[in-house]
K.L.:
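This structure is in structure tokens; I'll ask about it shortly.
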Amino acid sequence: MWVGVLLLLSPLMIFAQAAFFPVSTPVPAGADAPGRAIATMVRGIISFTRWPAQPDPMQFCLLGPTRMTDGDLDTLSAGGRGVRVTRVPEGAASVPASCDTLYLGTVPPQRLSRLIAQGHERPLLTIAEEDAACRGGTMFCLHVRRSDISFELNLDAVSRSGVTVDPRVLRLSSGATR
């Protein structure tokens with residue numbers, strides 16, 4: 001009996017103890033490969049995310065300089081639904097209400113935290129390209145290196161986001177560390 005209870009509680013304890021789950025995927029060779037690899041990972045993240053009312057097309061908003069090019073962004077369509085990409089003006093004081101996903105490139109930490117806090121008012125998937133410590137409050141923090149791209153999933157941010165992330169998102173890569 002106790003073994004059954006422990007087996008049931010073990011996964012819950014792992015989730016309760018770990019706030020972040022790093023996942024990694026290799027970057028193929030080529031000058032434009034990092035942007036394509038990032039777009040592929042982001043498309044996977046989007047496909048495992050559910051909004052209370054599924055947006056179609058989904059509004060994908062970018063803020064700050066990113067490693068993805070416009071060509072990379074054309075590949076973001078996920079789960080059979082359209083994706084409309086919008087770059088948020090650099091001086092914008094808030095996240096546009098139309099955004100379903102906010103992708104943050106190079107953004108100063110104070111501004112990052114402020115924008116994320118504003119996003120808690122509605123269902124919003126947040127992904128940061130340049131939040132090495134994953135402390136800015138985004139749900140997904142990408143770590144882009146020459147040989148691979150990894151991400152951390154911030155469970156606290158997910159719980160406050162208003163969207164649901166399928167736990168299978170951890171299968172986007174062959175290696176997951178808990």
Side-chain angles (χ1 to χ4, degrees), residues 20-51 54-92 94-109 111-112 115-116 119 122-134 136-154 157-158 161 163-166 168-176:
F20 305 100
F21 294 103
V23 178
S24 175
T25 191
V27 173
D32 58 346
R36 282 193 324 239
I38 292 169
T40 299
M41 183 172 279
V42 168
R43 183 177 59 243
I45 291 168
I46 292 169
S47 71
F48 282 98
T49 303
R50 299 291 172 259
W51 286 259
Q54 282 300 105
D56 192 13
M58 184 197 60
Q59 186 69 36
F60 185 87
C61 298
L62 293 105
L63 181 65
T66 67
R67 294 181 183 172
M68 288 189 289
T69 66
D70 289 343
D72 300 325
L73 296 170
D74 290 340
T75 67
L76 285 179
S77 180
R81 70 177 164 228
V83 176
R84 189 174 11 172
V85 177
T86 302
R87 289 200 182 263
V88 178
E90 193 60 38
S94 63
V95 177
S98 61
C99 296
D100 300 304
T101 298
L102 179 62
Y103 185 90
L104 297 139
T106 304
V107 178
R111 186 166 186 222
L112 174 78
L115 290 169
I116 296 303
R122 64 180 186 284
L124 182 67
L125 170 64
T126 55
I127 304 169
E129 189 175 285
E130 298 289 335
D131 186 6
C134 204
T138 56
M139 297 167 58
F140 290 87
C141 302
L142 302 182
H143 304 290
V144 183
R145 292 176 293 280
R146 195 177 320 183
S147 62
D148 70 333
I149 299 171
S150 61
F151 69 83
E152 293 180 64
L153 175 60
N154 182 331
V158 171
S161 70
V163 299
T164 304
V165 177
D166 189 309
R168 293 177 294 170
V169 75
L170 296 175
R171 293 185 189 163
L172 286 176
S173 177
S174 59

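Small disclaimer: the values here were computed from a predicted structure and weren't measured.
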K.L.:
Quick one: closest heavy-atom pair of Cys134 and Asn154, and the distance?
P.N.:
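For Cys134 and Asn154, the tightest heavy-atom pair comes out as O-ND2, 3.8 Å.
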K.L.:
Pair Phe151, Ile149 - check side-chain contact (heavy atoms from CB on, under 4.5 Å), show working.
P.N.:
CA-CA 7 Å; Phe151 69 83; Ile149 299 171; over 6 Å; no
K.L.:
Is the closest side-chain heavy-atom distance between Ile38 and Tyr103 below 4.5 Å?
P.N.:
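The answer is yes; the side chains approach within 4.5 Å.
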K.L.:
Where do Val158 and Ser161 come nearest, in terms of heavy atoms and distance?
P.N.:
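Heavy-atom minimum between the residues: O-OG, 2.8 Å.
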K.L.:
Return the CG to OG1 distance between Leu142 and Thr66, rounded to the nearest 0.5 Å.
P.N.:
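One gets 11.0 Å once the value is rounded to the nearest 0.5 Å.
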K.L.:
Is any side-chain heavy atom of Met58 closer than 4.5 Å to a side-chain heavy atom of Thr49?
P.N.:
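When only atoms from C-beta onward are counted, Thr49 and Met58 do not touch, as no gap falls below 4.5 Å.
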K.L.:
Is the backbone N or O of Leu125 less than 3.5 Å from a side-chain atom of Asp100, with the two atoms forming a donor-acceptor pair by type?
P.N.:
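No, the answer is negative, given that no donor and acceptor are paired below the 3.5 Å cut-off.
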K.L.:
Minimum heavy-atom separation for Gly137 to Ala157, with atom names?
P.N.:
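Where Gly137 meets Ala157 most closely, the heavy atoms are O-CB, 3.3 Å.
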K.L.:
Should Val42 and Thr101 count as side-chain neighbours, where that means a heavy-atom distance under 4.5 Å?
P.N.:
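No - every pair of side-chain heavy atoms lies 4.5 Å or more apart.
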K.L.:
To the nearest 0.5 angstrom, please state how far the CG atom of Leu153 sits from the OG1 atom of Thr138.
P.N.:
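Result: 10.0 Å between the selected atoms.
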K.L.:
If you round to the nearest 0.5 Å, how far is CG of Leu63 from CZ of Arg87?
P.N.:
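Reported to 0.5 Å precision, the distance equals 10.0 Å.
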K.L.:
I'd like to know if the side chain of Thr126 and the backbone of Met139 have a donor-acceptor N/O pair within less than 3.5 Å.
P.N.:
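Pair found, side chain donor or acceptor close to backbone of Met139.
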K.L.:
Is there a side-chain contact between Arg145 and Ser150 in this structure, where contact means two heavy atoms from C-beta onward sitting under 4.5 Å apart?
P.N.:
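A side-chain contact under 4.5 Å exists here.
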K.L.:
Looking only at atom types and distance, does a side-chain atom of Arg168 sit under 3.5 Å from a main-chain N or O of Val165, one as donor and one as acceptor?
P.N.:
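Checking the backbone N and O of Val165 against the side chain of Arg168, no donor-acceptor pair under 3.5 Å is found.
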K.L.:
Got a second to check how far Cys61's SG is from Leu115's CG, nearest 0.5 Å?
P.N.:
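Reported value, rounded in 0.5 Å steps: 11.5 Å.
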K.L.:
For a 4.5 angstrom cut-off between non-hydrogen side-chain atoms, does Asp72 reach Thr69?
P.N.:
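Contact flag for Asp72/Thr69 side chains = yes.
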K.L.:
Any side-chain heavy atom of Val83 within less than 4.5 Å of one from Arg43?
P.N.:
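Answer no - side chains too far apart.
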K.L.:
Closest approach of Arg84 and Pro57, non-hydrogen atoms and distance?
P.N.:
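Heavy-atom minimum between the residues: NH2-CG, 3.6 Å.
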K.L.:
How long is the straight-line distance from CG of Leu102 back to CD1 of Ile116, given to the nearest 0.5 Å?
P.N.:
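Between atom CD1 of Ile116 and atom CG of Leu102 there are 5.5 Å.
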K.L.:
Without swapping roles, check the side chain of Glu129 against the backbone of Arg67 for a donor-acceptor pair under 3.5 Å.
P.N.:
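Yes: the side chain of Glu129 pairs with the backbone of Arg67.
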K.L.:
Atom CE in Met41, atom CE in Met68: separation rounded to 0.5 Å?
P.N.:
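Output value for this atom pair is 11.5 Å.
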